[in-house]
Amino acid sequence: MPFTTHSKAPAPKTPVAKTPIVKKKIMKVIEGRTLATSLKADLLKRIEILKKDHKIRPGLAIIRVGDDSASQVYVASKKRQCKEIGIRSFEHILHSATKQKMILDLIQSINEDPEIHGLIVQLPLPKKFNTAEIIQAISPQKDVDGLHPLNLGKLFCGIEGGFIPCTPKGCIKLIQTVQKNLKGLNAAVIGASNLVGKPLAHLLLKEGCTVSLLNSKTKNPKELCCQADIVVAAAGVPHLVQGDWVKIGAIVIDVGINRLVDTKGKAYLIGDVNYDDVSKKAKAITPVPGGVGPMTVACLLENTVISAELFSQL
Ligand code: NAD
């Protein structure tokens, strides 16, 4: 007679709806300090080669006029970082009562000094000076800030070999830590100064981006930024860029440095981007401080080393 056995086969599984694994995209903080440290480590090696093979030690002259406290801090930081990697720096401090002609004469003598490979004038100058004339007096071969019309002109015409302004150069390096190939991306650059916005727009163009260059008269800045894969804020307006100015997944670079004072009278720095808000949507974002600032100085040092290398080939 047939008998029944209890099957040991596992009971058929009832299908259980799988909980979908939602991969949360992690927002990247673009650490300018880390990138600057690695660039400076590379420069240190290039300086060793210059010293060993050509008996050249790069030299940077810095002219500072007046007693602007922010300028004093920036120049002290540039000098300290020069020393760290073996660049000799020479600071020329002039009183704000100095005549324009004296600055032009000083620039002329530094232009002719073979020990100096880079020359910068710390900006902004006190209002009474003709800044354009002063920048044009700097030899384009020593213009490591890249602000002489010849160097800016080369950049704007797509001619290789000029010095690239330090802040825009640093911004491109920061962006390319997130995405190397920028071809076809939309970029919005807020701020159109010769120092930052205009040269950066040209560098982005060179990388194949479609660039909107915004200024204080732009009617629809939020709309333009919302379409951008890359947003660079360089207007000098605290927290101009809010969360609803940025599309999801954008790369956001905050150039702005705004000094504010809190209710207790304590000074603090904020950028042009509302970091807390924008970082909820951005793919990657630079902090302030610690983003663009350190890269600006590192790129100044890089331009000085490039200049010394070019001198070594003469
Ligand atoms: P700037 O004053 O020369 O130029 C500002 C530009 O922003 C102008 O083109 C102006 O039209 C535009 N602008 C002003 N308000 C605007 C608005 N509401 N919308 C759109 N555009 C607006 O300034 P700059 O020298 O180019 O510097 C800009 C900011 O970047 C400042 O905060 C400065 O401190 C900072 N900065 C930082 C570094 C760094 O290393 N992190 C270097 C240079 C400048």
Side-chain angles (χ1 to χ4, degrees), residues 30-33 35-36 39-40 62 68-78 81 120-127 129 131-132 135 144-147 152 155 164-175 187-204 211-228 231-242 244-246 252-260 267-275 278 285-303:
I30 312 172
E31 298 288 357
R33 280 197 191 104
L35 188 60
L39 176 55
K40 286 188 282 181
I62 306 171
D68 178 67
S69 58
S71 291
Q72 285 175 27
V73 172
Y74 290 140
V75 171
S77 167
K78 287 171 186 175
Q81 294 186 58
I120 63 167
V121 177
Q122 186 65 37
L123 300 178
L125 288 170
K127 282 207 167 60
F129 293 104
T131 302
I135 288 172
V144 286
D145 257 346
L147 299 177
L152 282 178
L155 173 61
I164 308 291
C166 307
T167 303
K169 188 178 188 179
C171 288
I172 296 289
K173 288 182 195 277
L174 289 164
I175 294 167
V189 177
I190 312 170
S193 69
N194 287 344
L195 187 65
V196 188
K198 278 188 218 156
L200 180 58
H202 282 271
L203 288 173
L204 288 164
V211 185
S212 304
L213 184 54
L214 286 62
N215 59 66
S216 57
K217 308 285 184 300
T218 301
K219 285 195 178 133
N220 51 347
K222 179 172 154 183
E223 205 176 291
L224 291 167
C225 288
C226 278
Q227 293 165 16
V231 175
V232 183
V237 179
H239 285 190
L240 175 68
V241 178
Q242 295 292 328
D244 59 354
W245 280 45
V246 171
V252 180
I253 306 294
D254 190 353
V255 180
I257 301 176
N258 306 289
R259 282 180 178 72
L260 302 184
Y268 65 104
L269 290 185
I270 65 166
D272 286 2
V273 174
N274 182 336
Y275 184 93
V278 172
I285 185 168
T286 57
V288 175
V292 175
M295 279 307 287
T296 296
V297 182
C299 290
L300 170 68
L301 306 184
E302 185 182 48
N303 281 352

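Just so you know, ligand 1 is whichever comes first in the structure, and atom 1 is the first atom listed for that ligand.
- Here the protein heavy atom with the shortest distance to atom 33 (C) of ligand 1 is Ile257 N, 4.2 Å.
- Each of Ile175, Leu200, Ile172 was compared with Ile253 under the side-chain contact (heavy atoms from CB on, under 4.5 Å) criterion, and only Ile175 meets it.
- Considering each of Val196, Thr218, Leu123, the one bringing a non-hydrogen atom nearest atom 27 (O) of ligand 1 is Val196.
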| request: With side-chain contact (heavy atoms from CB on, under 4.5 Å) as the test, would you mind laying out the steps for Val273 and Val231 before giving the verdict? | output: CA-CA 10 Å; Val273 174; Val231 175; over 6 Å; no
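- For atom 20 (C) of ligand 1, the nearest protein heavy atom (residue, atom name, distance) is Asn215 O, 3.1 Å.
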| message | Pair Leu260, Leu269 - check side-chain contact (heavy atoms from CB on, under 4.5 Å), show working. | response | CA-CA 6 Å; Leu260 302 184; Leu269 290 185; over 6 Å; no
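- For the pairing with Cys225, the side-chain contact (heavy atoms from CB on, under 4.5 Å) check across Leu214, Val246, Val252 returns one residue only, Leu214.
- Considering backbone and side-chain atoms alike, Thr296 places an N or O below 3.5 Å from some N or O of ligand 1.
- Nearest heavy atom pair, residue Pro294 against residue Arg33, reads CG-CG, 3.7 Å.
- Set against the non-hydrogen atoms of Gly293, the atoms of ligand 1 under 4.0 Å away are 40 (O), 41 (N).
- A distance-only check finds no donor-acceptor pair linking the side chain of Asp145 to the backbone of Leu147 [under 3.5 Å].
- Under 4.0 Å from ligand 1, the heavy atoms of Thr167 that appear belong solely to its side chain.
- In terms of protein heavy-atom proximity, atom 12 (C) of ligand 1 is nearest to Gly191 CA, 3.7 Å.
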| said: One pair to check against side chain to side chain donor-acceptor pair (under 3.5 Å): Gln122 and Lys78. What are the steps and the verdict? | reply: CA-CA 11 Å; Gln122 186 65 37; Lys78 287 171 186 175; 2.8 Å; yes
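- Looking at atom 5 (C) of ligand 1, its nearest protein heavy atom turns out to be Ala235 O, 3.7 Å.
- No donor-acceptor pair closer than 3.5 Å links the side chain of Asp68 to the backbone N or O of Pro124.
- Applying the 4.0 Å criterion to heavy atoms of Val237 picks out, from ligand 1, the atoms 15 (N).
- A salt bridge does not link Lys40 to Glu302: none of the charged nitrogens lies less than 4.0 Å from a carboxylate oxygen.
- Taking atom 18 (N) of ligand 1 as the reference point, the nearest protein heavy-atom neighbour is Leu240 CD1, 3.8 Å.
- In this structure, Leu195 counts as a contact residue of ligand 1, since one of its heavy atoms falls inside 4.0 Å of the ligand.
- Looking at Cys225, Ala192, Ser216 and measuring to atom 11 (O) of ligand 1, the nearest heavy atom belongs to Ser216.
- Put simply, atom 2 (O) of ligand 1 has no protein non-hydrogen atoms near it, under 4.0 Å away.
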| task | Given side-chain contact (heavy atoms from CB on, under 4.5 Å), test Lys198 with Ser193 step by step and report yes or no. | result | CA-CA 6 Å; Lys198 278 188 218 156; Ser193 69; over 6 Å; no
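- Proximity of Gly256 to ligand 1 is established by a heavy-atom distance of less than 4.0 Å.
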| task | Just do the side-chain contact (heavy atoms from CB on, under 4.5 Å) check on Cys171 and Val292 with the steps written out, would you? | result | CA-CA 6 Å; Cys171 288; Val292 175; 4.2 Å; yes
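- Heavy-atom minimum distance, Gly291 versus Leu174: O-CD1, 4.0 Å.
- Residue, atom and distance of the protein heavy atom nearest to atom 28 (C) of ligand 1 are Ala234 O, 3.5 Å.
- Counting only heavy atoms of the protein, atom 29 (C) of ligand 1 lies nearest to Gly236 N, 3.7 Å.
- Close approach of ligand 1 to Val255 (heavy-atom distance below 4.0 Å) involves ligand atoms 30 (O), 35 (C), 36 (N), 37 (C), 38 (C), 41 (N).
- Close approach to Ile190 involves these atoms of ligand 1, each under 4.0 Å from a residue heavy atom: 20 (C), 21 (N).
- Counting protein heavy atoms only, atom 4 (O) of ligand 1 is closest to Ser193 CB, 3.7 Å.
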